[in-house]
Amino acid sequence: MQDFAPGAAVESRRTNGRTLATALLDALKDRGARQVFGLPGDFVLPFFRAVQESAILPLYTLSHEPSVGYAADAAARLGSTLGVAVVTYGAGALNMVNAVAQAYAEKSPVVVISGGPGAEEARMGLGLHHQVKSLNSQFEIFREVTCAQAILNDPDTAPFEIARVLDTALSMSRPVYLEIPRDLVDRPCPRVPRLALPQADATAARACAREILDRLRAAERPAILIGVEARRYGLEGKLAALCRALGVPVATTFMGRGLFAGEILPLLGTYLGSAGEPDVAEAVEGADCLLMLGVILSDTNFGVSYRNIDLRASIRAFDGAVAFSHHNYPGILLEALVDALAEIAEPIGSAAAAPSPRYTTGLVYDDTPLEPSDVATALNDLFATSGVMPIAADVGDSLFVGLEVCETDLVAPGYYASMGMGVPAGLAICTATGRRPVVLVGDGAFQMTGWELGNCRRYGWAPIVLVLNNRSWEMLRCFQPDQPYHDLDDWHFAQMAVPLGGEGVRVETRAQLKDALAAAYRDGRSFQLIEVMLPRGKTSRSLCRYSAAMRQLSVLKDE
Ligand code: TPP
């Protein structure tokens, strides 16, 4: 938990008509939140009314709480800022735990706001509807998946509590939890203060930067690997400049895919170990000094190759600390380190701004039945003529098809890997960026949250949604072949599009896919669902390589 200096609050005691709800909404907006996603219930109705009537932040309701959490998470990732998810007590909030857990694991600052029982009803001594074990059960559950929490049961202390919790979310880039008793929502409340955050220790950051530069200079084959903290803290521009100044080859992690779209730097591509491009693997694994900036040490980032990376020869800056050999520098935020490195950066290598990696283009217009990688080729063709679009990819082969599409903004849960994020993240792209996204989602994941497309018409959203329908949980079949329980039925998703307010078409050949994509691109009036029919037992080239590499690992050898 963040350690704030007591008494550092610069606080006005006057309420000026401000209520607990509007004080919270103003504080969210001041700290960068741009919208609220939610699903109401009786414990949170007073807060919903306040959100609507105050119009401080626009409100978007969705149909199921997991989607609310995923959308808030995606908005946070896209804007390098707070995402907001508002839900009711118990049935609502607990329905969102998995999405918040994912945001925690992947360092996304989602603010969970839950309504809660009022003071009077808490004193009744009766079990309240939506209560689990005690009235605090929900708080305790969220304590595990958030980095700061508060129940705002005292309007006098609420401003400080809100500031403490929201500023912790921003500085740690992890989710937080706020519960508002429903009878306190409209109570007068002073403005939420700006707290004096602990200052980064610039001297320590400079000392650390000097040591890092010495090590990079002494190395024969230095390399830089960059992960998601670069986006979470809005550092892509600074990092691109630093890498250009150093002239050291750079790769992004699997999770960091989509970083630096549009930036100029010596970027080799995405590091995927033995499942990825050999030149990227060689640069990262062959480095005698690997500088890892903002990288989560996860199996998806390194699992297919960890035996090849010498962590002793690496420098790891993550979660506010820097570690290498037996040295540890605590309390150094990534931005402070990047700034300190930029002050002293000098050319170490001669790696120049690399031309973008090549991606497959030129899908032949014919009657050949489709395979998964054809989807990426068709998108590359579309983007080459019409400009790139942001992508939201779900878990399954969609994630790997996304890796075969040229560099563009990508939202995908590459570590915790919960299915169901694709469509809600696509909707978040629509509202958070105003850009039209492409959603890549398998039929299994679409069965979970695809219905959220029914909310597009109300808000004027028009994503292009590619449902990769192989009538199968195909990714699991890669790890465990020949089991009938991986089979799914054919749900004919395209036929559901019109009643949901969009357009749908089912495609089976390359020519049909090309035509459907062109038509979907032209028609931005409503969501466009393209149901891409794919054979069971066939995955993208990237997933083939990844699953082959994973199968080498002992955990999967027996399957
Ligand atoms: N439940 C959740 C919420 N997340 C998960 N990752 C899983 C289960 C395990 N899982 C990983 S991939 C997968 C499953 C069930 C299958 C995905 O199927 P689909 O969306 O059809 O995509 P495909 O694998 O066919 O490309």
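Only this structure's heavy atoms are used, side chains among them; waters, hydrogens and symmetry mates stay out.
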Roughly how far apart are Ile530 CD1 and Phe493 CZ, rounded to 0.5 Å? 15.0 Å
Please check this pair: side chain of Arg436 against backbone of Ala462, looking for a donor-acceptor N/O pair closer than 3.5 Å. yes
In this structure, is the centre-to-centre distance between the rings of Phe254 and Phe400 below 6.0 Å? yes
Val401 versus Leu468: any side-chain heavy-atom pair under 4.5 Å? yes
For Tyr104, is there any backbone N or O sitting under 3.5 Å from a side-chain donor or acceptor partner on Arg174? yes
Under the 3.5 angstrom rule, does the side chain of Asp409 hit a backbone N or O of Pro390 as a donor-acceptor pair? no
Heavy atoms of Cys478 and Ser547 approach each other most closely as CB-CB, 3.7 Å
Given Glu179 and Tyr89, is the side chain to side chain donor-acceptor pair (under 3.5 Å) satisfied, shown in steps? CA-CA 8 Å; Glu179 186 176 319; Tyr89 180 69; 5.4 Å; no
Flag side-chain contact, heavy atom, 4.5 Å: Leu82 against Val176: no
Give me the atom names and distance for the closest heavy-atom approach of Leu78 to Thr433. CD2-CG2, 4.2 Å
Nearest-0.5 Å distance that lies between atom CG in Leu534 and atom OG1 in Thr539: 10.5 Å
Nearest-0.5 Å distance, CG of residue Leu529 to CD of residue Gln495: 11.5 Å
Pro117 and Leu135: which non-hydrogen atoms are nearest, and at how many Å? CG-CD2, 3.8 Å
Considering only heavy atoms from C-beta outward, does the side chain of Leu379 approach that of Leu466 to under 4.5 Å? yes
Are the side chain of Arg232 and the backbone of Lys107 linked by a donor-acceptor contact shorter than 3.5 Å? yes
Electrostatic pair Arg194:Asp30 at N-O distance under 4.0 angstrom: no
What's the separation between atom CE in Met172 and atom CG in Asp319, rounded to the nearest 0.5 Å? 6.5 Å
Which word best sums up how the rings of Tyr60 and Phe37 line up, parallel for under 30°, tilted for 30 to 60°, or perpendicular for over 60°? tilted
Looking at Glu106 and Tyr415, would you say the former's side chain and the latter's main chain have a donor-acceptor pair under 3.5 Å? yes
Checking the side chain of Arg34 only, and the main-chain atoms of Ala76 only, is there a donor and an acceptor separated by less than 3.5 Å? no
Salt bridge or not for Asp443 and Arg471, using N-O below 4.0 Å? no
Any side-chain hydrogen bond (donor to acceptor under 3.5 Å, both in side chains) involving residues 45-55? Give me the pairs, sequence neighbours left out, ordered by first then second residue. Arg49-Asp186
To the nearest 0.5 Å, tell me how far Thr449 OG1 sits from His64 NE2. 10.0 Å
Rounded to the nearest 0.5 Å, what's the gap from CG on Asn469 to CD on Gln447? Could you check? 8.5 Å
Run the numbers on Asp73 and Ser108 for side chain to side chain donor-acceptor pair (under 3.5 Å), then give the verdict. CA-CA 6 Å; Asp73 177 350; Ser108 180; 2.7 Å; yes
Any side-chain heavy-atom pair from Leu57 and Val51 closer than 4.5 angstrom? no
Ser540 (side chain) donor-acceptor with Pro372 (main chain) under 3.5 angstrom: no
Can you tell me if Tyr233 uses its side chain to pair, donor with acceptor, with the backbone of Ser171 under 3.5 Å? yes
Asp487 with Arg536: basic N within carboxylate O range, under 4.0 Å: yes
Backbone of Met419 reached by a side-chain donor or acceptor of Tyr70 within 3.5 Å: yes
Can you tell me if Gln102 uses its side chain to pair, donor with acceptor, with the backbone of Ser418 under 3.5 Å? yes
Looking at Asp154 and Arg187, does any basic side-chain N land under 4.0 Å from a carboxylate oxygen? no
Any salt bridge linking Arg477 with Glu474? Criterion: basic side-chain nitrogen under 4.0 Å from a carboxylate oxygen. yes
Identify, with sequence neighbours excluded, every residue that meets side chain to side chain contact (heavy atoms under 4.5 Å, CB included) alongside Gln483. Gln480, Tyr485, His486
